[in-house]
Protein chains: 2
Amino acid sequence: MTERLPFPFPVVTWDDDQVVLIDQTRLPDELCWRRCDDLPKLCKGIVDLAVRGAPAIGVAAAYGLALAWRLARSAGDDPVALLERLKAAAEILAATRPTAVNLFWALDRGTALAARLVAEGKNADEIGAALLAEAAAIREEDVAMCRTMGRAGAELLPDYATVLTHCNAGGLATGGYGTALGVIYAAKEMGREVRVFADETRPLLQGARLTAWELADQGIDVTVLCDGAAATLLRQGRIDAVITGADRVVANGDTANKVGTYPLAVMANRHDVSFYVAAPASTFDPDTPCGDGIEIEQRDPAEVLGFRDLRWAPEGVTATNPAFDVTPAELVTAFITEHGVLRPPFVDSLKPVLAR
Amino acid sequence: MTERLPFPFPVVTWDDDQVVLIDQTRLPDELCWRRCDDLPKLCKGIVDLAVRGAPAIGVAAAYGLALAWRLARSAGDDPVALLERLKAAAEILAATRPTAVNLFWALDRGTALAARLVAEGKNADEIGAALLAEAAAIREEDVAMCRTMGRAGAELLPDYATVLTHCNAGGLATGGYGTALGVIYAAKEMGREVRVFADETRPLLQGARLTAWELADQGIDVTVLCDGAAATLLRQGRIDAVITGADRVVANGDTANKVGTYPLAVMANRHDVSFYVAAPASTFDPDTPCGDGIEIEQRDPAEVLGFRDLRWAPEGVTATNPAFDVTPAELVTAFITEHGVLRPPFVDSLKPVLAR
């Protein structure tokens with residue numbers, strides 16, 4: 001990779017009436033962009049994980065609504081008819097991935113805005129501009145929230161901290177700054193020394209590819225390890241804190257995140273290492289009471305049987321590939337949010353992030 | 001792969017005065033053989049993991065002594081001088097890998113035999129033949145022990161059992177029959193239905209490559225999963241028992257095995273799933289009192305940063321790569337050995353396998 005990205009990373013942007021994604025499936029080998037000029041391309045980008053990470057999916061979905069509104073106008077400019085098409089587009093976008101709640105949150109926010117503006121008698125131009133501004137606002141809010149969260153989280157770390165993380169809850173997973181890795185970036189901005197161990201995170205290796213890449217890009221000392229080796233580091237007392245992101249946190253604090261997070265939380269608990277989940281309020285789902293109600297996406301077995309074009313499992317053998325797991329709330333030391341660090345009992349402390 | 005292997009698998013054999021190994025680094029893509037006509041080639045085969053798995057390494061080391069004896073005779077046939085060269089060869093073989101105790105056990109057994117025969121006045125031919133016979137005996141004993149262990153282990157399983165395993169403790173890791181997978185083969189021979197979930201076992205993917213291959217080859221239903229997904233299956237109640245092999249079991253029952261075994265044992269314990277370790281007496285180390293005394297091999301970071309010729313981590317990023325971890329004895333439900341199923345308290349029950 002020759003091109004150096006700005007920071008916060010331009011994970012999802014709007015250019016020339018298109019939604020532009022960094023193609024994260026190709027990182028770190030090459031920096032490619034996916035230009036989505038229709039909804040199927042954007043949906044494919046979400047399904048393929050060209051854009052991934054709950055907050056980044058939310059941003060992409062918000063821009064997707066702006067794109068859908070613009071495209072729908074080829075059939076006419078009646079705001080009521082356009083709103084119907086916008087709602088249909090939202091349903092299509094919502095069907096891309098089942099677990100990340102920010103997707104539904106961003107779609108609800110965009111469609112509600114459009115419905116309100118239609119009711120207020122705004123015209124198609126005004127509503128289209130508002131949807132685009134809303135998407136930009138969601139991204140900017142996300143960056144600002146991540147900075148706030150990052151500073152709150154950095155206060156939890158000792159000087160010269162060693163942090164272990166799983167998957168990529170970084171700039172690439174968000175509007176550009178990062179949730180779990182936002183804590184690292186904030187600590188660095190505050191002049192602290194932080195070292196990171198990054199679980200490689202099979203099957204799609206977001207840790208080895210994306211977390212390692214963006215931390216190294218930002219000058220942070222990062223060491224990759226196999227997911228199964230994290231327990232050994234925790235036992236050896238080499239880790240000051242585990243920090244992960246979340247794809248969905250439900251009302252009681254149960255947390256869906258990339259598969260492998262649950263055993264990591266168990267091991268952190270066993271070795272008295274703090275386990276923090278960094279997530280904005282948009283990742284919290286007040287409508288699901290506990291983790292049993294979270295739908296876990298099952299992905300293509302091919303992701304497990306090899307990587308990219310390389311297949312290492314024998315022909316005729318299959319795989320099971322749950323993309324996420326659920327960490328029970330009692331294993332979470334605290335949630336790092338834009339409303340501060342929320343500690344147990346979560347029934348009280350989560351109220352500000354569960355309010356809608 | 002076109003050639004079908006016989007069963008028990010010919011993992012390590014002697015042919016035309018050479019030690020012949022199945023090159024397990026190439027499975028399941030191709031079936032290649034490494035013919036070792038000198039000690040450096042055999043050592044490289046062990047270091048490269050062409051032959052791997054504690055019992056198989058023991059068999060390879062025993063054949064290595066027979067090879068060393070034969071090669072040393074180019075410099076003369078004096079048994080006392082040959083014995084010195086044999087001991088030097090044993091030291092070289094012992095330095096290949098630090099964790100598997102069968103390696104040292106097999107080398108001690110071979111050198112002790114040669115020393116006794118030298119003392120008894122046997123000639124170089126007789127001692128060479130005896131070393132070769134000893135290596136064959138170690139392999140045959142291993143197959144017989146694995147069958148015995150397998151039957152004992154199979155009795156622990158319910159009908160229509162679903163077993164989860166980690167790494168490859170199969171025919172390929174042993175003299176040909178397998179320890180953990182020997183339980184599966186024995187259950188099948190006893191007419192039972194067994195289904196297996198195989199952790200892929202990063203970084204070298206022995207589960208996805210070798211366990212999946214040999215189980216499928218033997219007609220066993222096998223499904224691969226990422227190491228981090230095992231916790232989800234255990235929590236869902238889909239696993240009747242976890243069975244792994246071991247690279248070393250020390251006096252108190254602490255067990256070194258492929259990295260990722262320790263968190264798996266913790267998760268099995270958390271979800272009340274039996275965690276069995278299948279290992280012959282040769283894997284038990286009476287001289288090390290507890291797990292803290294086990295040297296853990298640190299392997300090349302490149303194994304973590306990619307696979308074979310494919311590198312997916314960004315340039316300039318490093319990795320930590322402990323090859324094994326230590327499972328505390330209190331997480332082991334029972335050891336499955338050729339002396340039967342040994343349950344806690346291990347201070348009593350392990351006596352027969354710790355006796356030397």
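Lettering of chains follows the sequences in order, A, B, ..., and the numbering in each one begins at 1.
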For A:Leu225, is it the side chain, the backbone, both or neither that has a heavy atom under 4.5 Å from a heavy atom of chain B?
both
Determine which residues belonging to residues 196-210 of chain B lie within contact range of chain A, meaning some heavy atom pair is under 4.5 Å apart, and list them by number or answer 'none'.
B:Phe197, B:Glu200, B:Arg202, B:Pro203, B:Leu205, B:Ala208, B:Arg209
With a 4.5 Å cut-off on heavy-atom pairs, point out which of B:Asp221, B:Val224, B:Val259 contacts chain A the most.
B:Val224
Given that the side chain runs from C-beta out, which part of A:Val266 has a heavy atom under 4.5 Å from chain B: side chain, backbone, both or neither?
side chain
Can you give me the closest heavy-atom contact between A:Cys226 and B:Val304, atom names plus distance?
SG-CG2, 3.8 Å
Can you give each donor-acceptor pair under 3.5 Å made by side-chain atoms of residues 313-323 of chain B, sequence neighbours left out, with the distance rounded to 0.1 Å?
unit_1   : atom_1 : unit_2   : atom_2 : d
B:Asn321 : ND2    : B:Asp300 : O      : 2.9
B:Asn321 : ND2    : B:Glu303 : OE1    : 2.9

Tell me, do B:Trp312 and A:Phe307 make a side-chain contact under 4.5 Å, heavy atoms counted?
yes
Contact origin within A:Leu305 toward chain B - heavy atom pairs under 4.5 Å:
side chain
Atom CD of A:Glu330 with >12 non-hydrogen neighbours under 6.0 angstrom
yes
Separation between CG of B:Asp325 and OG1 of A:Thr232, rounded to the nearest 0.5 Å:
4.0 Å
So do the side chains of B:Asp29 and A:Arg311 get within less than 4.5 Å of each other, counting heavy atoms only?
no
Selection from B:Met267, B:His166, B:Arg235 maximising heavy-atom pairs under 4.5 Å formed with chain A:
B:Arg235
Can you tell me which of B:Gly260, B:Ala216, B:Gly228 forms the most heavy-atom pairs within a distance under 4.5 Å of chain A?
B:Gly228
So which of A:Lys258, A:His271, A:Arg308 has the biggest tally of heavy-atom pairs under 4.5 Å with chain B?
A:His271
Under 4.5 Å heavy-atom distance to chain A, tell me which part of B:Asp227 shows up: side chain, backbone, both or neither.
neither
Out of B:Leu264, B:Val326, B:Leu234, B:Asp217, which one racks up the most heavy-atom pairs below 4.5 Å with chain A?
B:Val326
If I measure from the heavy atoms of chain A, does B:Ile296 come under 4.5 Å with its side chain, its backbone, both, or neither?
neither
With chain B, the option among A:Leu233, A:Val222, A:Thr261 that has the most non-hydrogen atom pairs under 4.5 Å is A:Val222
With only heavy atoms counted, which part of A:Ala229 is less than 4.5 Å from chain B, the side chain, the backbone, both or neither?
both
